[in-house]
Amino acid sequence: MATRADPRPVRMTVRATETIEGGGFHVRRPFPTRALEDLDPFLLLDEMGPTDAGPGEAKGAPDHPHRGFETVTYLLAGEMRHRDSHGGSGRIGPGDAQWMTAGDGVVHSEMPGERILAEGGRMHGFQLWVNLPARDKRTRPRYQDLRAAAIPVVRTADGLATVRVIAGEALGALAATRTHTPILYLHVSLAPGGRLEQPVPAGWNAFAYVFSGERGSGARVGWRARGPRGARPRGRSRRARGGRRRRARRAPPRRGEPIREPVVRYGPFVMNTEQEIVEAIADYRAGRMGAIEAEHEAPGGR
């Protein structure tokens, strides 16, 4: 039997809903919604902004708990400061990412940085929630600060597709991110006529969130199965193609290995059973997830 790459259609297209999160910032959310509850191992995707804030107007997410999964924050514009109850802290700006493993339980905050609070400016970014398998849900919390300069940037031979590799591997570039759940997280920019074909392991779920570019530009996202025609493919690749108009398309594809375990979620907690949710709430209320230490200014300091 001959081997060929068979095109496969996108299973579904979902329009993001708009809502308010945290301390009052605007987000667009493709999932979870009524149309798409989750996409194992992915639990949530929020596009934060873009929002132009005046001095003192930028919003964030004050102290709140998490348990049982990982949060990934990736900024395109603005500045955000992270602090948590296990001593993790950092500031991220355009092109930076932070990867927080909530694991056994953590209290954290994500607030605008001092500069954007003082001067105002644009905030735009994404937050992705990645589930943890049962064996890792009570793992020790961990924080990774990923600077833009450390995130690999690669291009196709014709220069029409640019890829920032936040997690996983693309076009021979490997991200330094440490993940519990195997995933691939790419930020792809396609110039008109650009094309990217990315291998994806068989059985993995994948999606692309298209957030910039002209409507009706002819840009396409599709899937091709790798393997004998008519047989279950051994691997899949993802193909994205830019349109013919002047403005480029930008889409961060994410794909990951499904965990295939029960998912029980309650607000900031994602576990496998209702009893584990009850325990998470009790542990948080009892202070067993810790608290963020108050900051103290040195005399004459800022």
Side-chain angles (χ1 to χ4, degrees), residues 21-23 32 38 40-46 48 60-75 79-93 96-113 125-147 150-151 166-168 175-185 254 256-257 259 261-295:
E21 272 294 337
D38 59 38
D40 188 12
F42 306 111
L43 300 165
L44 171 147
L45 176 67
D46 278 349
M48 304 174 289
D63 301 9
H64 59 283
H66 288 303
R67 173 180 279 179
F69 61 100
E70 299 183 290
T71 68
V72 188
T73 305
Y74 175 51
L75 281 191
E79 180 184 54
M80 187 172 289
R81 186 182 183 197
H82 164 92
R83 300 182 67 227
D84 68 48
S85 57
H86 288 261
S89 65
R91 287 179 175 82
I92 58 174
D96 297 339
Q98 66 157 0
W99 199 293
M100 188 192 75
T101 304
D104 192 38
V106 66
V107 177
H108 81 143
S109 65
E110 295 172 294
M111 301 298 293
F126 299 89
Q127 184 163 102
L128 178 70
W129 288 13
V130 184
N131 200 11
L132 288 171
R135 66 177 181 274
D136 292 326
K137 282 191 176 293
R138 302 298 296 269
T139 193
R140 180 176 175 80
R142 180 176 68 189
Y143 172 79
Q144 298 176 75
D145 196 6
L146 309 170
R147 295 297 178 188
I151 295 176
I166 300 165
T177 317
R178 295 171 293 161
T179 68
H180 286 276
T181 304
I183 74 165
L184 189 62
Y185 187 162
R254 289 97 168 177
E257 181 178 11
I259 296 173
E261 293 178 353
V263 174
V264 180
R265 62 166 87 198
Y266 181 83
F269 308 125
V270 181
M271 305 301 290
N272 297 108
T273 67
E274 291 185 4
Q275 179 58 37
E276 289 172 330
I277 293 292
V278 171
E279 293 170 1
I281 295 171
D283 286 346
Y284 170 60
R285 289 176 175 172
R288 286 188 282 270
M289 294 184 186
I292 299 175
E293 293 185 3
E295 293 185 290

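As the structure is a prediction and not an experimental result, all values here were calculated from the model.
Atom CH2 of residue Trp99 and atom CG of residue Leu146 lie 8.0 Å apart, to the nearest 0.5 angstrom. Atom CD1 of Ile166 and atom OG1 of Thr179 lie 13.0 Å apart (nearest 0.5 Å). Considering CG of Asp96 and CD1 of Ile151, their distance stands at 6.5 Å, rounded to 0.5 Å. The CD atom of Glu261 sits 10.5 Å away from the CE atom of Met271 when rounded to the nearest 0.5 Å. In this structure, CZ in Arg140 is found 6.5 Å from NE2 in His86, a value given to the nearest 0.5 Å. Between Glu279 atom CD and Thr273 atom OG1 the span is 7.0 Å, to the nearest 0.5 Å.
Residues passing the side chain to side chain contact (heavy atoms under 4.5 Å, CB included) test with Asp136, sequence neighbours excluded: Leu132, Pro133, His180. Partners of Asp283 under the side chain to side chain contact (heavy atoms under 4.5 Å, CB included) rule, at least two apart in sequence or in another chain, are Arg67, Arg138, Arg288, Met289.
The two residues Ile292 and Ser109 have their closest heavy-atom pair at CD1-N, 3.7 Å. Of all the heavy atoms in Leu184 and Gly168, the pair that sits closest is CD1-CA, 3.5 Å. Looking at every heavy atom in both residues, Ser85 comes nearest to Val106 through OG-CG2, 3.6 Å. Across all non-hydrogen atoms, the minimal contact from Phe69 to Pro268 is CE2-O, 3.2 Å. For His108 against Asp84, the heavy-atom pair with the smallest separation is CB-CB, 3.6 Å. The two residues Gly105 and Pro141 have their closest heavy-atom pair at O-CG, 3.5 Å.
A donor-acceptor pair under 3.5 Å is formed between the side chain of Asp40 and the backbone N or O of Ile259. A donor-acceptor pair is defined here as one N or O able to donate and one able to accept, closer than 3.5 Å; no such pair exists between the side chain of Gln98 and the backbone of Ile92.
Two residues are said to be in side-chain contact when any heavy atoms from C-beta on lie closer than 4.5 Å; Gln127 and Glu110 meet this criterion. No side-chain heavy atom of Pro32 sits less than 4.5 Å from a side-chain heavy atom of Leu43.
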Exercise. Yes or no on side-chain contact (heavy atoms from CB on, under 4.5 Å) for Glu276 and Val264, after CA distance, side-chain angles and deciding distance?
Worked result: CA-CA 9 Å; Glu276 289 172 330; Val264 180; over 6 Å; no
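In this structure, Trp129 and His66 have perpendicular ring planes: the angle between them is above 60°, well past the 30° mark. The aromatic rings of Tyr74 and Phe126 sit parallel to each other, their planes meeting at less than 30°, with 60° as the upper class boundary.
For the side chain to side chain donor-acceptor pair (under 3.5 Å) with Asn131, the lone residue among Arg265, Lys137, Glu70 that qualifies is Lys137.
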